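On a predicted model such as this, the values are computed, not experimentally measured, just so you know.
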Amino acid sequence: MTAVTEAEAYEAMVEHHTRLGEELAGHADAVSREVAAERPYGARVAGLIAYLAEEILPHAAAEEKTVYPAAAEHAGMESVVSEMNAEHVALSALGTRLAAVIDGAAAAALAQQIAGLFTAHAARENDVLLPALLNDESVDLAALLGQMHGAVDVYAREDDPAPADAARAGDCQATVVTLLLQAAAALARAGEADRACTIAASAWAALRDVRPDLAVKVTAALHGLARRDAVLDVRDLAPAYRHREIFGAYWDLASGAGFVLVNDHDPKPLRYQFEAEHPGQFTWQYLESGPDVWRVRIGRPVVGVGVAGPDRPSGA
């Protein structure tokens, strides 16, 4: 096998950043196009979140275990590395926000913010951090590249060199699992339940031996995703009883599940009630918008790691 030179290692890292940035921007633009055309955008949001979980965050975790510690040893680079670590956290947080948003314009804005943050982050790494390592004769950039490839798998390994690294890998696992489940839930809301279940099942298979605690959470989510949406048609009910039936159906939902509300008018006032009583704890997607029939999928987001569901009120 031909040895990789330092310059070739640098170019490989830059090219990888370029590919990740272009693909992430493509996902963000797809969300924006669907929103602008007033078409269902849930599947596009799910695709972006899944790309964050499967590509961007594992790459970020690998950098934090290999490239960043080497860069932090350079005088004046400690603050740069700290800021870049913070940007990784910000990308994860934005992905979580995107999974919960129920407004198209907000989803498009968040998608573009995620893509823009990563582009700026990668450019700074290419222009500041990597050149410093390339010009340092004591740093083997080719070896760091090889170590990064080995560290992209974020699941904890028994041979992790330090307890702190293992704990950090575990945190990254939990974050990735949460985002994957949120992506699966978004796909299910968009009518792609089979694809959603495939994502969740793949995560379970990877976790069942190394992280059984997270595998249990994935199993619970998978059961919710596998359930077909019930249909609640309230057109024949008196208006005074409709909201009671709708909220009752909502409280009976498991994590990641939903039902399709069928109504004879736009149930926008109901949505305002949900936002007032259960902010961030429900999903709302128009499937049909009149003029005679409105169909809206109302659901519960997947309860991921560290995310609590709402408590059912007494008498509900």
Q: Using 0.5 Å steps for rounding, measure from the CD atom of Glu275 to the CD atom of Gln281.
A: 12.5 Å
Q: Sequence neighbours left out, what passes salt bridge (charged side-chain N to carboxylate O under 4.0 Å, His left out) with Arg19? Give chain and number order.
A: Glu23
Q: I'd like to check Leu133 versus His74 (side-chain heavy atoms, cut-off strictly below 4.5 Å). Are they in contact?
A: yes
Q: Salt-bridged, Asp233 to Arg295, with N to O below 4.0 Å?
A: no
Q: Between Asn126 and Met13, is a side-chain contact (heavy atoms from CB on, under 4.5 Å) present by the stated rule, with each step listed?
A: CA-CA 8 Å; Asn126 293 343; Met13 291 178 176; 5.8 Å; no
Q: I'd like to check Glu63 versus Met84 (side-chain heavy atoms, cut-off strictly below 4.5 Å). Are they in contact?
A: no
Q: Testing the basics here: between Ala107 and Val45, what is the closest heavy-atom pair and its distance to 0.1 Å?
A: CB-CG2, 4.3 Å
Q: Quick check: do Tyr10 and Leu145 have side-chain heavy atoms less than 4.5 Å from each other?
A: no
Q: Give me the one residue out of Leu232, Ile246, Thr283 that meets side chain to side chain contact (heavy atoms under 4.5 Å, CB included) with Ile298.
A: Ile246
Q: Does anything in residues 107-124 pair up under side chain to side chain donor-acceptor pair (under 3.5 Å), and if so which pairs, sequence neighbours excluded?
A: Asp29-Gln112, Ser32-Gln112, Tyr68-His121, Glu83-Arg124, Glu87-His121, His88-His121
Q: Would a 4.5 Å heavy-atom cut-off, applied to side chains only, mark Leu270 and Trp284 as touching?
A: yes
Q: Partners of Phe282 by ring-ring contact (aromatic ring centres under 6.0 Å, His included), sequence neighbours excluded?
A: Phe274
Q: Treating Arg44 as the side-chain partner and His27 as the backbone partner, does any N or O pair qualify as donor plus acceptor under 3.5 Å?
A: no
Q: Quick one: are Val262 and Val234 in side-chain contact, heavy atoms under 4.5 Å?
A: no
Q: List the atom of Val67, the atom of Leu129, and the distance in Å for their closest heavy-atom pair.
A: CG1-CD2, 3.5 Å
Q: Check Glu78 against Ala72 and note the closest heavy-atom contact, atom names and distance.
A: CG-O, 3.4 Å
Q: Has the side chain of Glu6 got a donor or acceptor atom that lies under 3.5 Å from a matching backbone atom of Leu134?
A: no
Q: Assess, by modelled atom type and distance only, whether the side chains of Asp266 and Tyr286 contain a donor and an acceptor separated by less than 3.5 Å.
A: yes
Q: Nearest 0.5 Å please: distance from the CG atom of Leu52 over to the CG atom of Leu94.
A: 8.5 Å
Q: Hey, are the side chains of Val296 and Gln285 touching, using non-hydrogen atoms and a 4.5 Å cut-off?
A: no
Q: Check for a donor-acceptor pair, side chain of Arg242 on one end and backbone N or O of Arg235 on the other, with a separation under 3.5 Å.
A: yes
Q: Could you tell me the separation between the CG atom of Leu57 and the CD1 atom of Ile49, rounded to the nearest 0.5 Å?
A: 11.5 Å
Q: Which heavy atom of Tyr51 sits nearest to which heavy atom of Leu20, and what is that distance?
A: OH-CD2, 3.3 Å
Q: Would you check if the side chain of Arg297 reaches a backbone N or O of Phe259 as a donor-acceptor pair within less than 3.5 Å?
A: no
Q: Within a radius of less than 6.0 Å around CG of Asp127, do more than 12 heavy atoms belonging to other residues, nucleotides or ligands occur?
A: yes
Q: Grab the two heavy atoms, one from Ala28 and one from Ala111, that are nearest each other, plus how far apart they are.
A: CB-O, 3.4 Å
Q: Establish, from distance only, whether the side-chain atoms of His59 and Glu55 form a donor-acceptor pair under 3.5 Å.
A: no
Q: Is there a side-chain contact between Arg33 and Tyr41 in this structure, where contact means two heavy atoms from C-beta onward sitting under 4.5 Å apart?
A: no
Q: Show, in sequence, the C-alpha distance, side-chain angles and deciding distance for Glu73 and Val81, and conclude whether the side-chain contact (heavy atoms from CB on, under 4.5 Å) test is met.
A: CA-CA 10 Å; Glu73 295 180 1; Val81 171; over 6 Å; no
Q: On a heavy-atom basis, which atom in Leu144 and which in Ala70 lie closest, and how many Å separate them?
A: CD1-CB, 3.9 Å
Q: Are the side chain of Asn135 and the backbone of Pro131 linked by a donor-acceptor contact shorter than 3.5 Å?
A: yes
Q: Any chance you could measure Lys268, atom NZ, to Asn263, atom CG, to the nearest 0.5 Å?
A: 14.0 Å
Q: To the nearest 0.5 Å, tell me how far Asp264 CG sits from Asp236 CG.
A: 9.0 Å
